[in-house]
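Heads up: the structure comes next, in structure tokens.
Numbers restart at 1 for each chain; the letters A, B, ... are given by sequence-line order, proteins then strands.
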2 protein chains.
Amino acid sequence: MRSEDRRALILEAATAVFGEHGYHGATTDQIARAAGVSQPYVVRMFGGKEAMFLEVLDRTLQRIIASFDAAVEENRASGAEGEEALAHCIGRNYADLLSDRGLLLSLMQAFMLGADPVVGPHARAGFLRVYRYLREVVGLDATAANDFLAYGMFLNTIVGVRMVDDYENDSSAREMLDEILPTKLELLMTDRSSAS
Amino acid sequence: MRSEDRRALILEAATAVFGEHGYHGATTDQIARAAGVSQPYVVRMFGGKEAMFLEVLDRTLQRIIASFDAAVEENRASGAEGEEALAHCIGRNYADLLSDRGLLLSLMQAFMLGADPVVGPHARAGFLRVYRYLREVVGLDATAANDFLAYGMFLNTIVGVRMVDDYENDSSAREMLDEILPTKLELLMTDRSSAS
DNA sequence: GAAAGTGGTAATCGGATGATTACAAACGCG
DNA sequence: CGCGTTTGTAATCATCCGATTACCACTTTC
């Protein structure tokens, strides 16, 4: 297989593993196993665990921005008016990203590493990149942008804590999830277990 | 010193260290050093790193609920009416918790460990405990409770990513922080650096 | 004032893990 | 074919870290 394709496979696997276990909790061996290659290979290909995590972060942000771009285009084509409709359209696409195993979780894990001297600045830059997109491209004001981000961080946290695991057995969890994601629940109910 | 007091000291140190580096990123030695004791001592006192983290999680939730209780009392004494005023009062007290080094961050770190077979269920239970408090004690409806939690998760994330580190140099970061925390910024500007 | 309990530490162990080295198999190409 | 380059792996290393053991100092109790 071409190295380029392997790289994409490994990045995808790394996104899932980092999302599940966090940066420190994930091992290069888990990632390698998930990608179907040997552990030394992933280390050599990316130059180290840290560099690999930064690439995962970059790729995640690119995907999010791309998803936002698609939503902007979709909204424009549908002829809707106003920033609010656009924000909701972007929110729906964001929720779709939840089904991309680990994508938003690895991002969230990065956000919690602000104290790291290398990851921290990258994570902040990524966060601000999204914020500026909402402000400048989408045209939201500061309040609306923060509301949007707050909802996004809430979703990420709900996924991170695996609240869906309690959907069946806990009425509060059910109420909360039904309220948050009335139409998107099936995205989270897909098998998120294991891949130990 | 009495073992009971040592325990409290260590839990406080552990909260800060876990908050900064995450569960896997934090080492028992860092915690011991921060508490001024030896590494074997903290391990023996709590029975292991995992058990210690669970105690940190419990203590954090107790503090949050206590802060909410205080806000409810304060709001009742001030004679204000309506759930909205109460929610804002609680929000202010929640923001005050941000100055408790690592308190909300260690909670957030726990929330990102939903995949962990031991920590995950505890984290979910804690999250739902807060949710039920908002619903049953404060009297918010499901939508208002979620809005409140969303804002809280947003604050936690902003602190986790150390957005204040960019306050001076990045106009977007400044705009965002000024919008989110118009009166509470000084809480975050206190020295959150190092304690490597 | 010994014996028993309490509050600690130094030394060390064993496993996990990121990284390195050395090597092998396939492929492109003159 | 022959040879270099690419794509990979097996084996191993070195370090970190959680846990264990063994021990020490002090206090309480009888």
Side-chain angles (χ1 to χ4, degrees), chain A residues 1-57 106 109-110 113 115-119 122 194-196, chain B residues 1-57 106 109-110 113 115-119 122 194-196:
Chain A
M1 186 182 294
R2 294 309 287 181
S3 143
E4 195 178 339
D5 303 324
R6 276 279 185 232
R7 190 182 190 83
L9 273 178
I10 295 175
L11 274 177
E12 197 165 343
T15 302
V17 175
F18 279 133
E20 278 212 21
H21 305 290
Y23 172 62
H24 294 287
T27 73
T28 55
D29 189 63
Q30 286 174 325
I31 295 169
R33 212 176 295 269
V37 295
S38 67
Q39 181 263 347
Y41 191 53
V42 310
V43 171
R44 201 186 49 186
M45 170 166 274
F46 294 93
K49 184 181 175 181
E50 189 177 69
M52 182 167 48
F53 187 71
L54 294 181
E55 284 208 33
V56 166
L57 177 55
S106 59
Q109 300 281 1
L113 289 175
D116 186 285
V118 175
V119 178
H122 280 254
S194 71
S196 73
Chain B
M1 185 181 295
R2 295 307 285 179
S3 142
E4 195 178 340
D5 304 324
R6 279 280 187 229
R7 191 182 189 80
L9 273 179
I10 294 175
L11 273 178
E12 196 165 345
T15 302
V17 175
F18 279 133
E20 279 211 18
H21 305 291
Y23 172 62
H24 292 288
T27 73
T28 55
D29 189 62
Q30 286 173 324
I31 294 169
R33 212 176 295 270
V37 294
S38 67
Q39 181 262 347
Y41 190 53
V42 310
V43 171
R44 199 186 50 185
M45 170 166 276
F46 293 93
K49 184 181 174 180
E50 190 178 69
M52 183 168 46
F53 187 71
L54 294 181
E55 285 209 34
V56 166
L57 177 55
S106 60
Q109 299 281 3
L113 289 176
D116 186 284
V118 175
V119 178
H122 281 254
S194 71
S196 72

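The CD atom of E20(B) lies 11.0 Å from the CG atom of D116(A); values are rounded to the nearest 0.5 Å.
Remark: R44(A) pairs with Y41(A) by the side-chain contact (heavy atoms from CB on, under 4.5 Å) rule, at least two apart or across chains. For A13(A), the side-chain contact (heavy atoms from CB on, under 4.5 Å) partners are A34(A), A35(A), not counting sequence neighbours. For D29(B), the salt bridge (charged side-chain N to carboxylate O under 4.0 Å, His left out) partners are R33(B), not counting sequence neighbours.
You'll find the side chain of F46(B) reaches within 4.5 Å of the side chain of L11(B), heavy atoms only.
Chain A approaches DNA chain C within less than 4.0 angstrom (heavy atoms of the protein), and the contacting nucleotides run 5' to 3' from dT17(C) to dT20(C).
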Per-nucleotide protein contact along nucleotides 4-21 of chain D, 5' to 3', at a 4.0 Å heavy-atom cut-off (B base, S sugar-phosphate only, - neither), is ---SBBBB-----SBBB-
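Ring planes of F53(B) and Y23(B): tilted class, angle from 30 to 60°.
Sorted by first and then second residue, the salt bridge (charged side-chain N to carboxylate O under 4.0 Å, His left out) pairs with a member in residues 1-18 of chain B read R7(B)-E55(B); sequence neighbours excluded.
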